[in-house]
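Scroll down for the structure; my scribbles are underneath it.
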Amino acid sequence: MVIKPNFFNKNTLLVAKKLLGKYLVRRLGKKEIALMITEVEAYDGHKDKASHASRGKTKRNYPMFGPAGHFYVYLTYGMHWMLNIVTGEKDYPAAILIRGVGNLNGPGKLTKFLKIDKRFNGKKAEKKTGLWFEDRGIKIKERDIKKAPRIGVLYAGPIWSKKHYRFLLKNIKNP
DNA sequence: TAAGTGATCTCT
DNA sequence: GAGATCACTTAA
């Protein structure tokens, strides 16, 4: 079943954990590619120094301030698109970075494989968009979730870079 | 381990 | 307008 926007309209850390084991589905032409989400990172609120939203709303990060269930896509290092899903209330800047799906590890590889770019920025996660989330009934237990510090955010200082806002599945099961 | 790559942010 | 920075990948 397709996941609705209100699924994302909750505490970001909670949603991040619940997103593990769900499916990211992409329609390319007539084909649908469904990949299980195995790794995510949370960026929660303007106080989070590692978040793009920590310095207020800008032309780039405005989708983070929008309603939950929309995508935030941006380019980094001149060549890699990052895919995020916005969470929380409108005007509360928060999003979850999808770092790994299926057998792909790394946010840059993911977007390259699924042909995701800025066209999805600010779009709603639904079938019409061509990129959405599905719940296929896989249950993830708390002990299967590993918590770890986020990647590439050392610039945010010791407090925010050490927070365990990264969640990944320990045993990747093949459905 | 280092280089590639370019939009965006933060100063002038 | 210029310069620094960056939620990464790949090939050695």
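Within every chain, numbering begins at 1; the chains are lettered A, B, ... in the order of the sequence lines, protein sequences first and strands thereafter.
- Boundaries of the chain A contact region on DNA chain C are dC6(C) to dT10(C), first to last in 5' to 3' order (nucleotide atom under 4.0 Å from a heavy atom).
- Looking at every heavy atom in both residues, L110(A) comes nearest to L104(A) through CA-CD1, 4.2 Å.
- Partners of N84(A) by side chain to side chain donor-acceptor pair (under 3.5 Å), not counting sequence neighbours: none found.
- Side-chain heavy-atom separations under 4.5 angstrom define the hydrophobic clusters, and the remaining members of the one that includes Y155(A) are Y43(A), M64(A), F65(A), Y72(A), Y74(A), M82(A), V86(A), L97(A), V153(A).
- Contact annotation: the side chain of L24(A) approaches that of L83(A) to within less than 4.5 Å [non-hydrogen atoms, C-beta and beyond].
- When ring centroids are compared, F8(A) and F133(A) come within the 6.0 Å threshold.
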Name the atoms and distances for all side-chain donor-acceptor pairs under 3.5 Å in residues 120-130 of chain A, with sequence neighbours left out.
unit_1, atom_1, unit_2, atom_2, d
N121(A), OD1, V73(A), N, 3.0
K123(A), NZ, R119(A), O, 3.1
T129(A), OG1, K124(A), O, 2.4

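- Within the structure, the ring pair (Phe, Tyr, Trp, His ring centres under 6.0 Å) test picks out no pair touching residues 80-114 of chain A (sequence neighbours left out).
- Near DNA chain C, defined here as any heavy-atom distance below 4.0 Å, the residues from residues 48-56 of chain A are A50(A), H52(A), listed numerically.
- For the pair Y165(A) and T12(A), the minimum side-chain heavy-atom distance is 4.5 Å or more.
- Within residues 146-161 of chain A, the residues that place at least one heavy atom under 4.0 Å from DNA chain C are, in residue-number order, I151(A), G152(A), V153(A), Y155(A).
- Counting any heavy atom pair closer than 4.0 Å across all strands shown, K112(A) reaches no nucleic acid atom.
- The salt bridge (Lys or Arg N to Asp or Glu O under 4.0 Å) contacts involving residues 47-71 of chain A comprise D48(A)-R150(A), where partners must be two or more places apart or lie in separate chains.
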**Asked** Could you walk me through whether K163(A) and W160(A) pass the side chain to side chain contact (heavy atoms under 4.5 Å, CB included) check?
**Response** CA-CA 5 Å; K163(A) 282 200 182 289; W160(A) 291 99; 3.6 Å; yes
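- The side chain to side chain donor-acceptor pair (under 3.5 Å) search around R26(A) returns none, not counting sequence neighbours.
- P149(A) has its side chain out of reach of K162(A): every pair of non-hydrogen atoms, C-beta onward, lies at least 4.5 Å apart.
- The nucleotide range of DNA chain B contacted by chain A, defined by atoms under 4.0 angstrom from heavy atoms of the protein and reported 5' to 3', is dG4(B) to dT10(B).
- Stem regions annotated for DNA chain C: B:1-4 with C:8-11, B:6-11 with C:1-6, counting only runs of 3 or more consecutive pairs of Watson-Crick or G-U type with both contacts under 3.5 Å.
- For G88(A) against A68(A), the heavy-atom pair with the smallest separation is O-CB, 3.5 Å.
- In this structure, V2(A) and V25(A) have side chains that are not in contact, with every pair of non-hydrogen atoms separated by 4.5 Å or more.
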Residues 28-36 of chain A, side-chain donor-acceptor partners within the protein, below 3.5 Å, at least two apart:
none

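- Across all strands shown, M82(A) has heavy atoms under 4.0 Å from sugar-phosphate atoms exclusively, and none from any base.
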